[in-house]
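Please read the structure below before turning to the comments.
Just so it is clear, the values below take in all heavy atoms, side chains as well, and ignore hydrogens, waters and symmetry mates. Since this is a predicted model, take the numbers as computed values, not measurements. Start at 1 and go down the list; that is how both ligands and their atoms are numbered.
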Amino acid sequence: MDIVLSGIRPTGNLHLGNYYGAVKSFVKLQDEFNCYFFIADWHSLTTHPKPEDIRRSARTILAEYLACGLDPKKSTIYIQSDVPETIELYLYLNMNAYLGELERVTSFKEKARKQPDNVNAGLLTYPTLMAADILIHRSTKVPVGKDQEQNMEMARLYANRFNNKYGVDYFPIPQSFSLAGRGIKIPGLDGSGKMGKSEGNCIYLYDDPAVIRKKVMRAVTDAGPQAPNSEKPEVIQNLFTLLGAVSSKETYDYFDEKWNDMSIRYGDLKKQLAQDIIDTLTPIRERIAEYSANTELLDRIALEGAEKARVSAAKTLRDVREIIGFRV
Ligand code: TRP
């Protein structure tokens with residue numbers, strides 16, 4: 001069976017775009033594959049976060065993913081830094097990772113330009129750590145966005161290089177697993193293409209009803225349809241895309257008809273949209289609050305996840321040590 005692994009950057013809170021674009025798909029993947037989901041807290045060290053921020057952000061993101069439906073009974077859910085086997089594999093991979101190829105990685109070059117005073121070795125070897133994350137469970141499918149394509153290529157390079165170097169067929173070559181066909185791309189509320197935290201145009205999963213209403217009512221619109229059955233301009237299409245995600249088909253069709261016969265009132269559409277977003281998010285928001293208030297439970301889930309992950313990781317490492325020539 002395919003082994004699916006996804007690494008989650010512990011930055012920021014989840015928003016509707018994350019939910020419909022990826023997290024909902026992750027929840028479904030749990031029933032189809034042997035899934036590993038981990039919080040990539042070692043990767044976040046490249047920018048030297050404070051200890052209290054590291055602790056808090058891992059717990060926050062864990063609470064939110066659990067609230068969305070990641071299920072520790074179905075998947076292995078863990079925090080990267082709880083599985084030290086990963087670093088040993090990282091060391092082995094680094095011995096066959098070359099300076100030139102690491103320096104050519106676009107995200108490295110970008111970060112080096114943005115933080116010239118902190119071009120550390122961890123930043124340079126980010127792709128080998130990511131390869132170690134993937135290969136430690138001999139994962140075959142990795143759901144990632146386009147921005148991770150180059151890192152995935154590096155992971156394939158290092159898997160192939162290891163296999164060739166030792167004349168083995170040990171690591172499966174991990175494939176990028178596009179969620180594009182499974183998820184919905186959620187637009188921003190400000191008329192921009194995509195909902196994202198940097199754009200300040202997003203609805204967070206933990207937003208309460210009043211906040212959601214305010215944000216939706218402020219969403220950008222236009223002067224209204226200029227002719228019957230006309231094509232919707234982007235800002236209006238955005239609202240309909242959101243409706244399509246959270247509302248019933250009847251609701252969607254109702255407003256679509258009103259658009260087509262030019263009787264649409266954006267205020268009504270927004271009111272309905274806000275209500276349907278609230279209805280979708282309320283159970284999630286309540287679960288986020290429950291998990292967040294129970295750090296003991298969160299820590300126990302993380303610990304049990306790490307124990308499961310370490311069984312798989314230790315097995316890989318035993319094989320790798322033997323292949324390389326170390327005592328096992
Ligand atoms: N680099 C990924 C990101 O920025 C996070 C990540 C770390 C990851 N290790 C991984 C993703 C392993 C997939 C597999 O989003």
**Request:** Specify whether H137 and Y36 have parallel, tilted or perpendicular ring planes, treating 30° as the upper limit for parallel and 60° as the lower limit for perpendicular.
**Result:** parallel

**Prompt:** Can you check whether C68 reaches I288 side chain to side chain, under 4.5 Å on heavy atoms?
**Reply:** no

**Request:** With ring-ring contact (aromatic ring centres under 6.0 Å, His included) as the test, would you mind laying out the steps for F240 and Y252 before giving the verdict?
**Result:** CA-CA 7 Å; F240 275 87; Y252 183 96; 5.5 Å; yes

**Item:** Salt bridge present between E290 and R285 (N-O < 4.0 angstrom)
**Value:** no

**Request:** Kindly indicate whether the side chain of N118, heavy atoms from C-beta on, has any atom under 4.5 Å from the side chain of L123.
**Result:** no

**Asked** Which parts of the protein, at residue level, reach under 4.0 Å of ligand 1 through a heavy atom?
**Response** L5, G7, R9, F38, A40, H43, Y126, M130, D133, I134, V142, V144, Q148

**Asked** On the ring face of Y170, is R138 found with NZ or CZ under 6.0 Å from the centre and within 45° of the axis?
**Response** yes

